[in-house]
Amino acid sequence: MRILVIQGPNLNMLGKRKREIYGDKTLEEVDSLVKKEGAALNAEVVSFQSNSEGALIDFIQEEASSADGIIINPGALTHYGLSLRDALSDTRLPVVEVHLSNIYAREEWRARSVIAPIARGQISGLGWRGYISAIQILANELKEGN
Ligand code: DQA
């Protein structure tokens, strides 16, 4: 089983950026924790981060045919990234949307996700552990054939 773990704009700054909101862990640390959990679940994790919507779409188009599911934190593209939403939807793969912060407890504009309607589900506000829960749920659902 192959799961894409995709991080959108500014998430390369994890561990440096607004740590009180996004936590202390760097992207590399989060990546390695997700890969470790993936290995325990027999899932290969392919991770990718970009600050550009086009690069995220290129990655999704290139990798989707050999993947079984997608975990994505789209960063601010969550709120307006319609091309990203189309690319995710076109894969027909199960997509789990993850946010480190609780997007419903912050500025009003963050409470709208254009990705959520095409996602299998969303985890918001549980920090880096949200990615761990996402891979557990996705891998188990894929194993069960759901
Ligand atoms: C975020 C929430 C977004 O509103 C924000 O633009 C981010 C990170 C989160 O993980 O909480 O970049 O997706």
Side-chain angles (χ1 to χ4, degrees), residues 1-41 43-64 67-142 146:
M1 179 190 315
R2 202 157 181 265
I3 296 180
L4 309 179
V5 177
I6 303 174
Q7 311 274 2
N10 297 310
L11 290 162
N12 56 316
M13 298 301 286
L14 282 185
K16 302 176 197 109
R17 166 192 187 214
K18 295 202 172 70
R19 293 162 64 162
E20 65 291 356
I21 296 177
Y22 299 120
D24 294 337
K25 293 208 189 303
T26 63
L27 183 58
E28 291 68 31
E29 288 168 336
V30 173
D31 254 0
S32 94
L33 287 162
V34 177
K35 283 191 172 141
K36 199 171 147 203
E37 190 62 29
L41 294 157
E44 182 197 348
V45 169
V46 182
S47 54
F48 182 74
Q49 188 276 332
S50 179
N51 291 328
S52 135
E53 186 169 10
L56 294 167
I57 293 168
D58 288 343
F59 176 79
I60 291 164
Q61 289 180 355
E62 277 155 26
E63 297 294 332
D68 301 292
I70 299 177
I71 294 169
I72 185 162
N73 182 346
L77 291 169
T78 303
H79 315 298
Y80 65 90
L82 295 173
S83 307
L84 178 62
R85 169 190 160 134
D86 278 351
L88 289 167
S89 171
D90 287 348
T91 67
R92 307 179 75 117
L93 293 172
V95 173
V96 179
E97 178 184 349
V98 173
H99 299 286
L100 294 150
S101 67
N102 180 350
I103 59 171
Y104 303 99
R106 300 181 64 195
E107 298 95 329
E108 221 178 291
W109 57 268
R110 290 191 203 270
R112 177 165 175 262
S113 168
V114 300
I115 307 297
I118 59 94
R120 168 77 186 90
Q122 185 194 67
I123 297 172
S124 176
L126 299 175
W128 64 270
R129 290 185 180 85
Y131 295 99
I132 305 295
S133 299
I135 195 161
Q136 287 170 344
I137 293 164
L138 196 51
N140 283 314
E141 283 198 349
L142 286 165
N146 285 340

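Atoms considered below: every heavy atom in the structure, side chains included; atoms not considered: hydrogens, waters and symmetry mates. When a ligand or atom number is given, it counts from 1 through the structure's own listing order.
Contact residues of ligand 1 (protein heavy atom closer than 4.0 angstrom to a ligand atom; sorted by chain and number): Arg17, Tyr22, Asn73, Gly75, Ala76, His79, His99, Leu100, Ser101, Ile103, Arg110.
Within the structure, salt bridge (charged side-chain N to carboxylate O under 4.0 Å, His left out) pairs that include any residue of residues 73-85 do not occur (at least two apart or interchain). Legend: salt bridge (charged side-chain N to carboxylate O under 4.0 Å, His left out) pairs involving residues 26-37, not counting sequence neighbours: none detected. A salt bridge (charged side-chain N to carboxylate O under 4.0 Å, His left out) check over residues 88-100, counting only residues at least two apart or in different chains, returns nothing.
For the residue pair Glu53 / Asn51, no side-chain donor-acceptor distance below 3.5 Å is found, with atom types taken as modelled.
Residue-environment remark: CZ (Arg17) exceeds the threshold of 12 foreign heavy atoms within 6.0 Å.
Classification of Arg19 and Asp24 as a salt-bridged pair holds, one side-chain N sitting under 4.0 Å from a carboxylate O.
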